[in-house]
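The structure under discussion appears below in the form of structure tokens.
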Amino acid sequence: MNEIIVMLGDWPVRTIDAVIGFGALVLLLLVVIAVVIARSGRRGAELAIAHAIRADELEERLAQVLRAQSEASGRVDAMTQALAGRQAEMARAVNERLDSVTHRVGQSMEHSTRNTMESLRALHERLGIIDNAHKNLTDLTTQVTTLRDVLANKQSRGAFGQARMEAIVQDGLPKGSYEFQFTLSTGKRPDCVVFLPDQRPLCIDAKFPLEAMTALHDARTDEERRIATQRLRGDVMKHVSDIAEKYLVAGETQEMALMFVPSESVYAEIHDGFDDVIQKAYRARVVLVSPSLLMLAIQVMQQIMKDARMRDAADQIQTEVIKLGDDLGRLRDRVLKLQKHFSDANEDVRQILISADKIEKRAGRIEELDFSKTDAPEGPRLVATGAGELFPRKLQAGE
């Protein structure tokens with residue numbers, strides 16, 4: 001037992017030392033195992049406690065999750081109901097909007113249809129008017145063509161100017177104050193004469209220098225324009241000279257005659273571009289007039305005639321005014337008499353009303369008397385001494 005088993009350096013290892021060492025080692029291992037087991041048991045307990053805590057936490061979290069799930073389910077149900085209500089409201093609103101839009105669209109379509117029908121009717125009317133205007137334009141074109149053909153002939157042109165002058169004179173003057181184709185003492189016959197208050201006629205003759213005016217308008221070169229200007233000046237002055245020589249008779253006609261130009265444009269062209277011709281015509285006591293100026297001259301003549309008639313009737317008017325004043329004086333006297341009668345009648349009516357009021361008061365006093373009582377004091381008696389003494393006296397006016 002005390003044998004040396006092994007040498008560890010200088011230290012001999014014997015059997016007993018090995019057994020002791022082995023026993024110590026086993027003991028140490030047992031201690032270690034016990035410590036490990038103790039530690040593992042404590043750790044298992046801690047793990048069990050931790051697992052229990054975690055289980056509780058998991059249960060609590062599971063309860064919270066279930067509770068949250070139930071709350072979420074309730075909220076989902078509430079949201080589902082709210083969404084259903086909102087969906088129903090939205091569907092109702094959409095239906096209402098659709099109905100409103102449909103109604104508006106229907107009204108709009110009806111209004112548009114009505115407007116379209118009115119527009120079409122107006123268009124048909126306008127088309128009818130356009131057709132009539134086209135027909136009138138065609139007629140007017142025909143008339144213009146006819147008028148051009150008429151004006152191309154001197155005799156027709158003269159007849160046209162005379163007809164226009166006669167229309168203006170007939171519209172402005174009363175019958176008897178003018179005469180067409182009147183024969184003067186010289187045997188000349190102007191187109192028209194107007195008898196002024198001094199009984200001397202004012203001669204009017206229609207002239208229409210259309211050919212020279214047309215040539216002036218159609219001129220393209222300066223030479224053509226110069227020739228047309230000379231021609232127009234010569235034609236107008238020839239007409240002026242003819243009127244001055246034929247229709248200005250000393251002591252028989254007026255000291256001035258009128259040359260009627262039946263076109264405003266021709267008159268304006270002559271008046272604006274040929275001032276020397278106008279001045280020479282004035283010096284020759286011939287006045288050029290257009291249709292508008294002739295109407296104005298006719299109105300002036302009419303006013304002159306009216307003033308002359310008023311001067312002739314001035315004495316008669318004065319006499320009538322004096323008689324009218326006498327009539328007004330008699331009317332005033334009669335009105336004053338009528339006013340006096342009205343005053344007397346008003347006074348009589350007032351007196352009658354006073355008597356009526358007194359009679360009404362006495363009738364009221366009579367109604368107040370009570371004849372049903374037997375012990376009533378005996379009232380005054382009316383002694384009948386005669387038929388005329390029932391009333392002691394007559395009621396006078398005003399009582």
Side-chain angles (χ1 to χ4, degrees), residues 92 96-97 99-100 102-119 121-122 125 129 170-177 197 295-296 298-399:
R92 185 172 61 255
E96 292 178 355
R97 291 291 179 87
D99 293 338
S100 177
T102 304
H103 181 65
R104 291 181 180 177
V105 169
Q107 288 183 347
S108 178
M109 292 182 65
E110 183 180 358
H111 184 67
S112 300
T113 304
R114 186 167 57 252
N115 291 335
T116 304
M117 294 300 294
E118 292 178 357
S119 300
R121 185 169 59 254
E125 293 177 357
I129 294 173
Q170 288 175 350
D171 292 339
L173 293 177
K175 291 183 179 180
S177 60
M295 283 190 280
L296 180 61
I298 292 297
Q299 291 178 1
V300 173
M301 296 177 194
Q302 184 181 9
Q303 189 64 37
I304 291 173
M305 296 176 185
K306 184 178 180 181
D307 292 340
R309 289 195 299 269
M310 289 182 65
R311 285 195 301 271
D312 294 339
D315 296 337
Q316 184 178 358
I317 292 173
Q318 186 176 4
T319 303
E320 294 297 330
V321 169
I322 293 173
K323 292 180 179 179
L324 181 62
D326 296 337
D327 292 337
L328 287 175
R330 286 191 294 271
L331 179 62
R332 183 176 181 279
D333 295 337
R334 292 172 182 175
V335 169
L336 291 176
K337 291 180 180 180
L338 183 61
Q339 184 179 7
K340 184 176 181 302
H341 290 319
F342 281 152
S343 300
D344 296 339
N346 288 330
E347 181 63 24
D348 294 338
V349 169
R350 190 179 68 82
Q351 296 293 336
I352 291 170
L353 290 175
I354 292 173
S355 300
D357 291 338
K358 289 185 177 181
I359 292 171
E360 185 177 0
K361 291 179 181 179
R362 291 181 180 180
R365 287 197 295 268
I366 293 172
E367 288 179 357
E368 291 176 357
L369 296 177
D370 189 2
F371 297 99
S372 62
K373 297 180 180 181
T374 56
D375 56 351
E378 185 177 354
R381 294 183 179 179
L382 294 176
V383 179
T385 57
E389 295 180 357
L390 291 176
F391 297 96
R393 63 184 180 87
K394 294 181 179 179
L395 291 176
Q396 300 295 327
E399 292 185 355

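Just so you know, these numbers come straight off a predicted model, no measurement behind them. Values reported hereafter were calculated over all heavy atoms of this structure, with side chains retained and with hydrogens, waters and symmetry mates removed.
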Could you measure the distance from the [atom1] atom of [X] to the [atom2] atom of [Y]? Nearest 0.5 Å is fine.
X    : Y    : atom1 : atom2 : value
R104 : R97  : CZ    : CZ    : 8.5 Å
E110 : H103 : CD    : NE2   : 9.0 Å
E320 : D327 : CD    : CG    : 9.5 Å
I304 : Q302 : CD1   : CD    : 11.0 Å
M295 : D171 : CE    : CG    : 9.0 Å
E125 : E118 : CD    : CD    : 10.5 Å

Side-chain donor-acceptor pair present, Q299, Q303, cut-off under 3.5 Å
no
Are H111 and N115 close enough that a side-chain donor and a side-chain acceptor fall under 3.5 Å?
yes
Option passing side-chain contact (heavy atoms from CB on, under 4.5 Å) with V335 (candidates L338, L331, D333)
L331
Is it the case that the side chain of T113 and the backbone of M109 share a donor-acceptor pair, with hydrogens and angles ignored and the cut-off at 3.5 Å?
yes
Ionic contact status for D344 with K340, cut-off 4.0 Å
yes
Measure the shortest side-chain to side-chain distance between L353 and R350 over non-hydrogen atoms and say whether it is less than 4.5 angstrom.
no
Please say whether more than 12 non-hydrogen atoms of neighbouring residues, nucleotides or ligands are located less than 6.0 Å from CD in E347.
yes
For atom CZ of R334, decide whether the heavy atoms of other residues, nucleotides or ligands shown that lie under 6.0 angstrom number more than 12.
no
Trace of the side chain to side chain contact (heavy atoms under 4.5 Å, CB included) decision for L336 with Q339:
CA-CA 5 Å; L336 291 176; Q339 184 179 7; 3.8 Å; yes
